[in-house]
K.L.:
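Before I ask anything, here is the structure I am working with.
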Amino acid sequence: MCVLKIKMAFLFILTCLCFLTPTHQTPHPNVTISDLSYKNIDFAMNLYRKIAGSSDKNIFFSPLSISTSFAALLMASDGVTREEILKVLNLKQLAVDHQPELIPRLFQLLQENVAHNGSLKLDQSTALFIHQQFKVERMFTDRMKKFFHADIKTVDFADTEGSISFINEYIKQKTENKIPEMISTLDETTQLLLINSIFFQGAWQMPFSANLTENAPFYIDNYNIVQVPMMFKEEAKLYTMEDVLLGARALKLPYQKGVSMLILLPNQGVDYTVIDDEISAEKFLSWIKKLHKTNLEVNMPKFKMEQAYSLHSLLPDMGMSSLFSSSANLTGLSKDRGLTVSEVLHKAVIDVDEAGTTAAAATTIGIIPYSLPRVFTVNRPFFFFIYHEDTNSLLFMGRVVDPTQT
Ligand SMILES: *[C@@H]1O[C@H](CO)[C@@H](O)[C@H](O)[C@H]1NC(C)=O
Ligand SMILES: *[C@@H]1O[C@H](CO)[C@@H](O)[C@H](O)[C@H]1NC(C)=O
Ligand SMILES: *[C@@H]1O[C@H](CO)[C@@H](O)[C@H](O)[C@H]1NC(C)=O
Ligand SMILES: *[C@@H]1O[C@H](CO)[C@@H](O)[C@H](O)[C@H]1NC(C)=O
């Protein structure tokens with residue numbers, strides 16, 4: 001089983017390579033989608049720290065989805081603007097002169113691999129809204145469709161009301177009503193708006209039983225306690241690990257379709273903001289690697305979250321500034337002068353409950369009595385990562401400080 005899986009991954013990588021590198025030119029004979037995943041995780045952790053640096057609230061976003069939308073902007077840009085995007089996204093090593101389609105194609109392969117041709121359903125949408133005065137290059141429109149299944153819509157931003165309802169209606173349809181209101185205000189001088197939204201509700205491999213869910217305290221800090229619906233299950237085959245240096249324990253909860261949630265729970269008395277500073281791609285991958293099977297009792301809060309970020313106000317500090325300034329070089333998108341990106345909005349929604357999307361029948365849980373279960377109780381602020389196992393792609397990451405805040 002395992003061997004077969006590895007073989008398939010290997011074949012897939014080989015196929016990608018043949019597809020990616022023309023025989024006469026082999027600049028990166030060893031680029032794989034795993035390299036891309038790793039680079040995306042690094043970017044995700046940097047972005048996470050940027051967000052966490054100015055917020056003590058819940059955090060939730062989709063790194064893969066954000067990286068993918070900037071890969072789309074990469075096709076629009078040139079000169080310094082392009083260099084900055086490559087640098088901040090960690091993609092410099094993958095950029096090759098005269099092969100503008102290489103990075104978009106890698107992202108496309110990664111997305112396809114994660115989606116397993118549609119069996120994992122992520123209600124995801126990326127769209128560019130551009131002021132009607134700009135003429136969009138045909139080649140850009142074609143590539144957006146081909147690699148990113150993304151639309152470009154022309155809007156008259158001077159009509160703010162009309163634009164807002166047009167944009168909201170578009171996103172609502174694309175996310176099957178999961179995100180009914182993406183934006184509520186809009187600047188009438190907007191030229192270009194990139195909106196990326198994603199909804200996730202996975203089905204657990206082993207669902208929690210709804211009648212075991214009970215209200216229980218969640219300790220936000222020493223002074224604030226909230227009551228939350230706490231789900232419960234006992235399972236003989238759960239994977240955990242302890243990061244002693246960091247002072248935290250990790251637990252893997254598998255969803256169906258090759259995706260898992262990794263929960264990182266700081267030990268009692270360890271301040272989560274200390275862990276904020278320590279999170280990195282390397283650490284994340286080492287937690288996954290060190291997981292071992294155990295018999296566990298899990299107590300975990302049910303929660304819903306909906307978070308939106310204005311990336312145009314976070315990314316300049318990370319080194320991506322020209323895109324949002326008058327020196328933006330977006331000649332790949334439009335030859336018209338003076339075009340800049342006004343806003344990049346990202347919204348991610350998650351629903352964590354007993355079952356997930358498929359209402360699972362009350363599963364009887366095979367309890368193996370040879371060892372007393374250890375207990376993993378998520379009753380204080382924690383981190384979570386939802387990742388695709390075969391590629392280690394980080395689909396989502398978040399921090400829950402207060403599960404009662406959506
Ligand atoms: C490709 O291989 C070379 C030499 O083996 C190595 O130095 C380089 O880091 C590799 N590149 C990637 C992207 O893995
Ligand atoms: C964009 O960048 C390219 C490559 O550096 C350069 O040739 C072109 O003049 C730039 N265009 C604008 C509008 O800055
Ligand atoms: C995905 O679907 C397409 C068309 O339905 C098919 O040609 C392709 O082989 C499928 N790929 C995988 C990995 O299943
Ligand atoms: C949960 O409730 C259902 C219906 O009330 C019942 O049939 C089932 O046995 C219960 N399961 C557990 C684990 O208590």
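Just so you know, these numbers come straight off a predicted model, no measurement behind them. Whatever order the structure lists ligands and atoms in, that order sets their numbers, starting from 1.
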K.L.:
Quick one: does NZ or CZ of Lys153 land under 6.0 Å from the six-membered ring centre of Phe129, within 45 degrees of the ring axis?
P.N.:
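Not satisfied by the 6.0 Å and 45° rule.
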
K.L.:
For Tyr387, enumerate each residue passing the ring pair (Phe, Tyr, Trp, His ring centres under 6.0 Å) test, keeping only those at least two apart in sequence or located in another chain.
P.N.:
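In terms of ring pair (Phe, Tyr, Trp, His ring centres under 6.0 Å), with neighbours along the sequence ignored, Tyr387 is linked to Phe284.
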
K.L.:
What residues form a ring pair (Phe, Tyr, Trp, His ring centres under 6.0 Å) with Phe384, not counting sequence neighbours?
P.N.:
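For Phe384 the ring pair (Phe, Tyr, Trp, His ring centres under 6.0 Å) partners, ignoring immediate neighbours, are Phe60, Phe303.
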
K.L.:
Please determine if Lys233 and Glu354 form a salt bridge, counting it only when a charged side-chain N lies under 4.0 Å from a carboxylate O.
P.N.:
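Between Glu354 and Lys233 there is no salt bridge, as every charged N stays at least 4.0 Å from the carboxylate O atoms.
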
K.L.:
Check this for me, if you would: do Arg138 and Asp142 make a salt bridge, where the nitrogen-to-carboxylate-oxygen distance has to be below 4.0 angstrom?
P.N.:
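Looking at Arg138 and Asp142, the cut-off is met.
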
K.L.:
List of N/O pairs, ligand 2 versus protein, all under 3.5 Å?
P.N.:
from, atom 1, to, atom 2, distance (Å)
ligand 2, 2 (O), Asn329, ND2, 2.2
ligand 2, 11 (N), Asn329, ND2, 3.0
ligand 2, 14 (O), Asn329, ND2, 3.2

K.L.:
Sequence neighbours left out, cut at 3.5 Å: what donor-acceptor pairs do the side chains of residues 393-406 make with other protein atoms?
P.N.:
from, atom 1, to, atom 2, distance (Å)
Ser393, OG, Ser37, OG, 3.1
Ser393, OG, Thr391, OG1, 3.3
Arg399, NE, Lys57, O, 3.3
Arg399, NH1, Asp276, OD2, 2.8
Arg399, NH2, Ser55, O, 3.0
Arg399, NH2, Lys57, O, 2.7
Asp402, OD1, Thr404, N, 2.9
Asp402, OD1, Thr404, OG1, 2.6
Asp402, OD2, Thr404, OG1, 3.3

